[in-house]
Novice: 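First the structure, then my questions, so here it is.
Along the sequence shown, residues are numbered consecutively beginning with 1.
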Amino acid sequence: VSIMGEVRRPGTYPWFEGMSLKDLILVAGGLRESAQTTEAELSRMDPAVEAGGDLLAEVRPVRLDGAGAVAEADTFRLRNHDHAFVRRRPGWEPQRNVVVRGEVLYPGVYTLAHRQERLSSVIARAGGLLDSAYPSGFRLFRPEEGVGNVGLDLAAALARPGGANDIVLEAGDEIVVPPRRMSVRVEGEVGFPTSVIYEDGKGIGYYVDRAGGYTAEADKGRTKVIYPNGTSAKVRRFWWDPGVEEGSLIMVPPRSPSAGVDWGKVIVGTTSVLASLATIYLVVDTTGN
């Protein structure tokens with residue numbers, strides 16, 4: 001006999017003469033907290049089923065008491081090949097928790113009060129932002145289905161509750177409000193990768209220059225700025241470059257092999273080939289003579 005659904009050890013178990021549904025529930029470890037404790041469903045092979053007919057099995061409800069024992073008790077017995085199904089209680093689910101870290105008054109774990117609770121509500125419950133908070137660097141990490149980092153404007157979420165940036169939170173969300181970082185990190189194909197003190201209004205070129213400038217291998221056209229909230233923007237060839245915020249990371253990638261022709265290497269290679277061909281010609285000519 002088998003039992004599926006909201007029991008602790010679903011599976012197939014040996015049937016014995018006189019076995020009741022209560023016996024099967026106990027063998028399966030008992031009901032979970034999420035189980036519907038008033039009724040289970042049982043399917044049974046009907047010996048009267050005709051081959052090719054529409055009827056496949058006899059399906060019937062079995063009344064349970066509140067503790068999961070069979071209310072029909074000794075009057076109901078299982079048969080070989082019976083299948084029992086214990087359904088989940090409608091609306092039951094464990095608490096949905098989120099984590100708030102960083103520059104708020106009360107960091108910690110918070111249980112969502114209702115299904116539609118939003119970011120601004122949880123931030124308010126956490127006591128709001130500290131003076132040291134950097135809203136532009138806010139991050140929300142959502143592990144569900146590999147979503148990962150969600151780029152949001154925290155200042156807009158708090159200013160306009162219920163707006164586009166004030167998203168509905170889900171279980172497992174991690175909210176991070178970082179402190180202010182008065183520097184910009186420059187990495188990649190620059191003379192000296194380093195952190196540069198942030199200067200309001202300065203562009204990408206300013207920070208690259210202070211990191212030693214571009215190297216000969218730098219692909220300037222693919223330079224990008226990664227902002228503290230996880231979003232990014234790359235340089236534009238015909239319009240203004242994206243702005244730089246405090247706490248940003250400027251990445252200067254190397255050129256790919258197909259990005260351009262190294263004429264120095266081409267000349268050296270061509271010269272080498274021509275020299276080899278000249279040598280071969282001389283050998284052949286000498287042999288022929």
Novice: Looking at side-chain heavy atoms only, is the closest gap between Arg118 and Val168 below 4.5 Å?
Specialist: yes
Novice: Please check if Leu105 and Val100 belong to a single hydrophobic cluster, counting links between Ile, Leu, Val, Met, Phe, Trp and Tyr side chain heavy atoms closer than 4.5 Å.
Specialist: yes
Novice: How long is the gap from CD1 on Ile3 to CG on Asp23, to the nearest 0.5 Å?
Specialist: 11.0 Å
Novice: Between OG1 of Thr111 and CG of Asn97, what distance do you get to the nearest 0.5 Å?
Specialist: 3.5 Å
Novice: As an exercise, state the distance from CG of Asp200 to CD of Glu245, rounded to the nearest 0.5 Å.
Specialist: 10.5 Å
Novice: Is Pro107 close to Arg101 at the side-chain level, that is, under 4.5 Å between some pair of heavy atoms?
Specialist: no
Novice: State, to 0.1 Å, how close Glu246 and Arg181 come at their nearest heavy-atom pair, and which atoms those are.
Specialist: CB-O, 3.2 Å
Novice: Just how far is it from atom CD of Glu6 to atom OG1 of Thr37, taken to the nearest 0.5 Å?
Specialist: 12.0 Å
Novice: Which residue in the set Glu41, Gln36, Glu39 passes side chain to side chain donor-acceptor pair (under 3.5 Å) when paired with Arg87?
Specialist: Glu41
Novice: Would you check if Phe138 and Val177 make a side-chain contact, meaning some heavy-atom pair closer than 4.5 Å?
Specialist: yes
Novice: Mind checking what makes side chain to side chain donor-acceptor pair (under 3.5 Å) contact with Asp131, not counting sequence neighbours?
Specialist: none
Novice: Nearest 0.5 Å, what's the CD-CZ distance between Glu189 and Arg222?
Specialist: 10.5 Å
Novice: Taking the side chain as C-beta and beyond, is there a heavy-atom pair between His83 and Phe85 under 4.5 Å?
Specialist: yes
Novice: Considering all heavy atoms of both residues, which atom of Gly191 and which atom of Thr215 are nearest to each other, and what is their separation?
Specialist: N-CG2, 4.0 Å
Novice: Would you say Val62 and Met19 are hydrophobically clustered, going by side-chain heavy atoms of ILVMFWY under 4.5 Å?
Specialist: yes
Novice: Test Val184 against every option in Val244, Thr194, Ile197 by the side-chain contact (heavy atoms from CB on, under 4.5 Å) rule and name the one that passes.
Specialist: Val244
Novice: Would you kindly confirm whether Phe16 and Leu21 end up in one hydrophobic cluster when ILVMFWY residues are joined by side chain heavy atoms under 4.5 Å apart?
Specialist: yes
Novice: Look only at the side chain of Arg77 and the backbone of Gly18, and say whether a donor-acceptor pair between them is shorter than 3.5 Å.
Specialist: yes
Novice: Considering the options Ile175, Asn165, Leu129, which one meets the side-chain contact (heavy atoms from CB on, under 4.5 Å) requirement together with Leu154?
Specialist: Leu129
Novice: Answer with yes or no whether the hydrophobic clustering places Ile167 together with Val122; edges join I, L, V, M, F, W, Y residues whose side-chain heavy atoms lie under 4.5 Å apart.
Specialist: yes
Novice: Taking all non-hydrogen atoms of both residues, which atom of Arg32 and which atom of Val7 are closest, and how far apart?
Specialist: NE-O, 2.9 Å
Novice: Just to verify, what does Asp166 make a side chain to side chain donor-acceptor pair (under 3.5 Å) with, not counting sequence neighbours?
Specialist: Ser120
Novice: Work out which heavy atom in Val59 is nearest to a heavy atom in Ser43; give both atom names and the distance.
Specialist: CG2-CB, 4.2 Å
Novice: Taking atom OG1 of Thr231 and atom CZ of Arg139, what is their separation to the nearest 0.5 Å?
Specialist: 8.5 Å
Novice: What are the two closest heavy atoms between Pro143 and Gly172, and how far apart are they?
Specialist: CD-O, 3.3 Å
Novice: Within the structure provided, determine whether Val98 and Leu112 are in side-chain contact (heavy-atom separation under 4.5 Å).
Specialist: yes
Novice: Side-chain contact test, heavy atoms from C-beta onward, threshold under 4.5 Å: evaluate it for Arg115 versus Glu93 and give yes or no.
Specialist: yes
Novice: Which heavy atom in Tyr106 sits nearest to a heavy atom in Arg125, and how many Å separate them?
Specialist: CD1-O, 4.5 Å
Novice: So, are Glu58 and Arg60 salt-bridged, with charged N and O less than 4.0 Å apart?
Specialist: no
Novice: The test is side-chain contact (heavy atoms from CB on, under 4.5 Å); show your working for Leu169 and Glu117 and say whether it passes.
Specialist: CA-CA 6 Å; Leu169 298 179; Glu117 187 161 16; 5.7 Å; no
Novice: Are any side-chain N or O atoms of Arg9 and backbone N or O atoms of Val27, one a donor and one an acceptor, separated by less than 3.5 Å?
Specialist: yes
Novice: Run the side-chain contact (heavy atoms from CB on, under 4.5 Å) test on Val235 and Lys220 for me, step by step, so that the C-alpha distance in whole Å, both residues' side-chain angles and the decisive distance to 0.1 Å come before the verdict.
Specialist: CA-CA 8 Å; Val235 298; Lys220 301 177 184 179; over 6 Å; no
Novice: Could you check whether any side-chain heavy atom of Tyr227 comes within less than 4.5 Å of a side-chain heavy atom of Pro242, counting everything from C-beta outward?
Specialist: yes
Novice: So Tyr207 and Glu199, side-chain contact (heavy atoms from CB on, under 4.5 Å) or not? Walk me through it.
Specialist: CA-CA 9 Å; Tyr207 296 100; Glu199 291 284 345; 4.1 Å; yes
Novice: Quick check against the 3.5 Å criterion: does Asp209 have a side-chain atom that pairs as donor or acceptor with the backbone of Tyr206?
Specialist: no
Novice: Would you say Leu119 and Val176 are hydrophobically clustered, going by side-chain heavy atoms of ILVMFWY under 4.5 Å?
Specialist: no
Novice: Can you find a pair of side-chain heavy atoms, one from Glu33 and one from Arg89, that are under 4.5 Å apart?
Specialist: no
